[in-house]
Amino acid sequence: MKIVIQKLNGLWHLIVGSCLIRTPFLDTQDRALVVTYARRAYPGARIFQRD
């Protein structure tokens, strides 16, 4: 599974397949928090960042 992390409208979002999932983290917060969140929610997934 492939997950893309992206900043959009002031929040971090996860893109899983064709679904855009909003996270509870603001875009001013550290990306490492979002990566940790994504790893817990989707274990074993490859995580990428899109600007």
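Contact check for Ile47 versus Ile5: side-chain heavy atoms found under the 4.5 Å cut-off. Looking only at side-chain heavy atoms (C-beta outward), Ile15 and Lys2 stay at 4.5 Å or farther from each other.
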Contacts table for residues 24-37: side-chain donor-acceptor under 3.5 angstrom, sequence neighbours left out:
residue	atom	partner	partner atom	Å
Gln29	OE1	Leu26	N	2.8
Arg31	NE	Gln49	OE1	3.0
Thr36	OG1	Ala32	O	2.9

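Under the rule for a side chain to side chain contact (heavy atoms under 4.5 Å, CB included), the partners of Leu8 that lie at least two apart in sequence or sit in another chain are His13, Leu20. Applying the side chain to side chain contact (heavy atoms under 4.5 Å, CB included) rule to Ala45 yields the partners Met1, Ile3, Tyr42; only residues at least two apart in sequence or on another chain are considered.
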### Task
Apply the test side-chain contact (heavy atoms from CB on, under 4.5 Å) to residues Lys7 and Trp12: give CA-CA distance (whole Å), side-chain angles for both, the deciding distance (0.1 Å), then the verdict.
CA-CA 5 Å; Lys7 289 182 185 180; Trp12 286 100; 3.4 Å; yes
